[in-house]
Visitor: 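I have a structure I would like to understand better, so I am pasting it below and will then ask my questions one at a time.
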Amino acid sequence: MPHILPKLTAIINSKAPFSNTAGKDALDIALIFGSFEQPTSLFFQGDGVWQLIQEQNGALISVKDYLKTFAAFEFYDLENIYVCQESLFQRSLTTDFHIEKVQVLAKKEFADKLATHHTVLRF
C-alpha cells in the first residue's frame, strides 16, 4: 500500500493585529490544527506582518493581546512561519519579531512556498 502524504494547510495573515478579529481567528485555527497534528504553515503578508513585530500592546486600546500566544507555536509543532519581505519593506519594518524561526521570503519565493499547500485559509 502506498504511503499517503498529509495535505498541507496554509493560513495567510493579511490583517493588522487588533484591527478586527482576523488575526486571533487565524491563530485559533492554527493552534487547533496543530493540536491535531495537521501540517500547517503560517504566512504573513500585507498588514499581517504587523502581527510579528515586537512591542505591541492591545491593552492600550482595550483589546485582549493575543500575540503573546504565538509563543505556544513550538508546543503545537507550528514551525513553518513565513513572512513576505516586500510587505516588511513597504512598511519600513525590520525583522525584529517576537517569535523565532520566522523565514523572510522574497515575493516570488513566498508565492512558490504558498503554492505547495493544498488548502489555503486567508484571514
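These values consider heavy atoms only, across backbone and side chains, with no hydrogens, waters or symmetry-generated copies.
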Visitor: Side-chain donor-acceptor pairs under 3.5 Å in residues 94-104, sequence neighbours left out?
Guide:
residue : atom : partner : partner atom : Å
Thr94   : OG1  : Asp96   : N            : 3.3
Asp96   : OD1  : Gln54   : NE2          : 2.9
His98   : NE2  : Gln51   : O            : 2.7

Visitor: May I ask you to test the Leu93-Trp50 pair for a side-chain heavy-atom distance under 4.5 Å?
Guide: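 They are in side-chain contact.
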
Visitor: Assign the ring pair Phe44 / Phe70 to parallel, tilted or perpendicular, where the plane angle (0 to 90°) is split at 30° and 60°.
Guide: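 Phe44 vs Phe70 ring planes: tilted.
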
Visitor: For the hydrophobic clusters of this structure (ILVMFWY residues joined by side-chain heavy atoms under 4.5 Å, transitively), does one cluster hold both Val83 and Tyr66?
Guide: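 In one cluster with Val83: Tyr66, yes.
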
Visitor: What about Phe33 and Leu27, same hydrophobic cluster or not, with Ile/Leu/Val/Met/Phe/Trp/Tyr joined at side-chain heavy-atom distances under 4.5 Å?
Guide: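 Phe33 clusters together with Leu27.
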
Visitor: Same cluster or not: Leu42 versus Phe75, using hydrophobic residues (I, L, V, M, F, W, Y) connected whenever any side-chain heavy atoms lie under 4.5 Å apart?
Guide: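 In one cluster with Leu42: Phe75, yes.
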
Visitor: Does anything in residues 70-85 form a side-chain hydrogen bond (donor to acceptor under 3.5 Å, both in side chains)? List the pairs, not counting sequence neighbours.
Guide: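 For residues 70-85, and leaving out neighbouring residues, there are no side-chain hydrogen bond (donor to acceptor under 3.5 Å, both in side chains) pairs at all.
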
Visitor: Ile29 and Leu67: same hydrophobic cluster, using ILVMFWY side-chain contacts below 4.5 Å?
Guide: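 They do share one cluster, since a chain of ILVMFWY contacts under 4.5 Å joins Ile29 to Leu67.
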
Visitor: Taking C-beta and beyond as the side chain, do Ile12 and Leu121 meet within less than 4.5 Å on heavy atoms?
Guide: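 Counting from C-beta outward, Ile12 and Leu121 never come under 4.5 Å.
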
Visitor: Given side chains that start at C-beta, do those of Ile11 and Phe43 come closer than 4.5 Å, heavy atoms only?
Guide: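 No. Closest side-chain heavy atoms not under 4.5 Å.
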
Visitor: Could you tell me whether the side chains of His117 and Ser41 share a donor-acceptor contact shorter than 3.5 Å?
Guide: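 A donor-acceptor contact under 3.5 Å links the two side chains.
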
Visitor: With a 3.5 Å distance limit and no angle check, can you tell me whether Glu109 reaches the backbone of Ala106 through a side-chain donor-acceptor pair?
Guide: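 At least one qualifying donor-acceptor pair exists.
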
Visitor: Determine yes or no for a side-chain-to-main-chain donor-acceptor pair under 3.5 angstrom, with Ser87 supplying the side chain and Gln45 the backbone.
Guide: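 Checking the backbone N and O of Gln45 against the side chain of Ser87, no donor-acceptor pair under 3.5 Å is found.
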
Visitor: Looking at every heavy atom in both Lys107 and Glu86, which two are closest together, and how far apart are they?
Guide: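 The pair with the smallest heavy-atom distance is CD-OE1, 3.1 Å.
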
Visitor: What is the distance from atom NZ of Lys15 to atom CZ of Arg122, rounded to the nearest 0.5 Å?
Guide: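 The CZ atom of Arg122 is 8.0 Å from NZ of Lys15, to the nearest 0.5 Å.
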
Visitor: Keeping the roles fixed (side chain from Thr119, backbone from Thr9), state whether a donor-acceptor pair exists under 3.5 Å.
Guide: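 A pair under 3.5 Å: no.
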
Visitor: Specify the closest pair of heavy atoms between Ile53 and Val49, including all atoms of both residues, with the distance to one decimal.
Guide: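 What the structure gives for the nearest pair is CG1-O, 3.6 Å.
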
Visitor: Out of curiosity, does Ile81 fall in the hydrophobic cluster containing Leu114 (side-chain heavy atoms, cut-off under 4.5 Å, transitive links)?
Guide: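 No; Ile81 is not reachable from Leu114 via cluster members.
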
Visitor: So which heavy atom on Leu8 is nearest to which on Pro39, and how close?
Guide: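 The pair with the smallest heavy-atom distance is CD2-CB, 3.6 Å.
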
